[in-house]
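Here's the structure we're looking at; comments come further down.
Every value quoted in this text rests on a predicted model; they were computed, and no experiment measured them.
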Protein chains: 2
Amino acid sequence: MRLTRAGEYAIRCVLYLAMHHDRELIGRKEIAAAMDMPAQFLGKVAQQLAKAGIISIRQGSQGGYELAKRPQDIALLAVIEAIDGEIFLNDCIHRPHSCDRQTICSVHQIWDKARRQLRNTLGGVTLAELAAREKRACAGRSREQPHALQG
Amino acid sequence: MRLTRAGEYAIRCVLYLAMHHDRELIGRKEIAAAMDMPAQFLGKVAQQLAKAGIISIRQGSQGGYELAKRPQDIALLAVIEAIDGEIFLNDCIHRPHSCDRQTICSVHQIWDKARRQLRNTLGGVTLAELAAREKRACAGRSREQPHALQG
DNA sequence: TCTAATAGGATCATTTCAGTCCGATTAATC
DNA sequence: GATTAATCGGACTGAAATGATCCTATTAGA
Ligand code: SF4
Ligand code: SF4
């Protein structure tokens, strides 16, 4: 019942890209250093993101990553599911064959409802919103600095 | 992002107990057979449920399990969390130390919201409701049988 | 051509999961 | 009291997922 590390890194990566959407291409190492993750691991994650059509990658010297769509067109859910697969709180939702009793199971419906709710929440947030909020938070923090360095 | 097998078994176990709440004590093997799970494994799960105060266990000959509270006082969430631990979609929610950027992280808040929503949904359903719905579904199905054996 | 970058397959250590085994313990019954 | 039927609970195991890292190939700018 938790997000994998790879999923978390994927989010950090695209969030960084969204926050620097004005720049064309951003190198893997820069992203990894800024968002605090292993650069090699990010490479793996990025490949999956590219396959899912969320980012595009340029190889070779001066290569790097960039968003394949506009930040306001990428939902958080899409990023997560590109890495960790579609969200299914309980297996029986995904694989009907995994349990015989689902035709009468009252719990099954709860899982279905919970899953819809969760995917809805994550699907309703775009990278554009997240990046904007993040920038605001950072700005707020630097403005605060003279008053309260301890934060 | 999924329920463990142990959690699923725990739910099945307490659901069975709730559906037979009129009987005093029910043997482990009977529950395991009826709800289709390994009896040994159920033993492990039951111990945790007992520690969490959800069921009580009687040892010795003619021993077995029973609900420690009324079905309407046991939420689905409690059963799940007794086995799999408190639900945290993302580690940073649980362990603040696991990520430095959470003070400014816009994604953090989304996880927090999603988690609250999920726990709310699962916390709002009691065993009494589930058992009642399950019984109704079974009754409905047996009434249907003469008409459509294929289901 | 040289060099700086990613691609992508192989590999590996650790942890989690799912489950089993088995001796110890408990309590009803003979 | 002995037998028997049940759970307790710790040790153990195999399989899979997770979280990486390593290394060679490929790509493309200078
Ligand atoms: S018992 Fe119900 S909730 Fe559990 S796996 Fe089967 S259908 Fe799903
Ligand atoms: S970056 Fe944000 S969401 Fe991710 S672990 Fe850190 S605080 Fe949590």
Fill in the blank from the handout: Walking DNA chain D from its 5' end, the first of A:Lys44 and A:Ser61 to be reached, judged by nearest nucleotide, is A:Lys44

Exercise for the section: For A:Asp84 and D:dA17, give me the distance from atom CG to atom P, rounded to whole Å. Expected result: 13 Å

Handout entry: A:Arg5 vs D:dA20: side-chain N/O to OP1/OP2 distance below 4.0 Å
Key = yes

Handout entry: Ion pair check, A:Glu134 and B:Arg101, cut-off under 4.0 Å
Key = no

Problem - Short side-chain N/O contact from A:Tyr9 to OP1 or OP2 of D:dG19, under 4.0 Å - result: no

Problem - Salt-bridge present (B:Glu8, B:Arg2; N to O < 4.0 Å) - result: no

Completion exercise
Picking from D:dT7, C:dG19, D:dG9, the nucleotide nearest the side-chain atoms of B:Tyr65 would be D:dT7

Practice task
Rounded off to whole Å, could you give me the CD-to-P distance for the B:Gln59 and D:dA5 pair?
Solution key: 17 Å

Handout entry: Atom pair distance, as rounded to whole Å: CD in A:Glu30 and C1' in C:dT6
Key = 16 Å

Practice task
Would you indicate which nucleotide in D:dA20, C:dT20, C:dA18 comes nearest to any side-chain atom of B:Thr4?
Solution key: C:dA18

Problem - Which nucleotide in C:dG19, C:dA5, D:dC22 has an atom nearest any side-chain atom of A:Gln62 - result: C:dA5

Exercise for the section: On DNA chain C, check which nucleotide each of A:Lys51 and B:Pro38 is closest to and give me the residue with the more 5' one. Expected result: A:Lys51

Handout entry: Spacing of B:Gln48 atom CD relative to C:dC17 atom P, expressed in whole Å
Key = 11 Å

Handout entry: Sugar-phosphate only, base, or nothing, as touched by A:Arg28 at under 4.0 Å among non-hydrogen atoms
Key = base

Practice task
In whole angstrom, give the distance that lies between atom CG of A:Asp36 and atom P of D:dA20.
Solution key: 11 Å

Practice task
Would you mind reading off the distance between A:Met37 atom CE and D:dT21 atom P, rounded to a whole angstrom?
Solution key: 13 Å

Practice task
Calculate the interatomic distance between B:Leu42 atom CG and C:dA18 atom P; express it in whole Å.
Solution key: 15 Å

Exercise for the section: With sequence neighbours excluded, tell me which residues meet salt bridge (charged side-chain N to carboxylate O under 4.0 Å, His left out) with A:Asp73. Expected result: A:Arg70

Problem - Protein-nucleotide distance (B:Leu25, atom CG; C:dA28, atom C1'), rounded to Å - result: 12 Å

Practice task
Could you tell me whether the phosphate oxygens of C:dT20, OP1 or OP2, come under 4.0 Å of any side-chain nitrogen or oxygen in B:Gln40?
Solution key: no

Exercise for the section: Nearest-nucleotide wise, let me know which of A:Ala46 and B:Gly60 is further upstream toward the 5' end of DNA chain C. Expected result: A:Ala46

Problem - B:Glu86 and B:Arg119 ion-paired at < 4.0 Å - result: yes

Exercise for the section: Would you sort out whether A:Leu17 and A:His21 count as a side-chain contact (heavy atoms from CB on, under 4.5 Å), showing the intermediate values? Expected result: CA-CA 6 Å; A:Leu17 292 176; A:His21 198 224; over 6 Å; no

Completion exercise
With the side chain defined as heavy atoms from C-beta on, A:Phe41 is closest, among C:dT20, C:dG8, D:dT21, to D:dT21

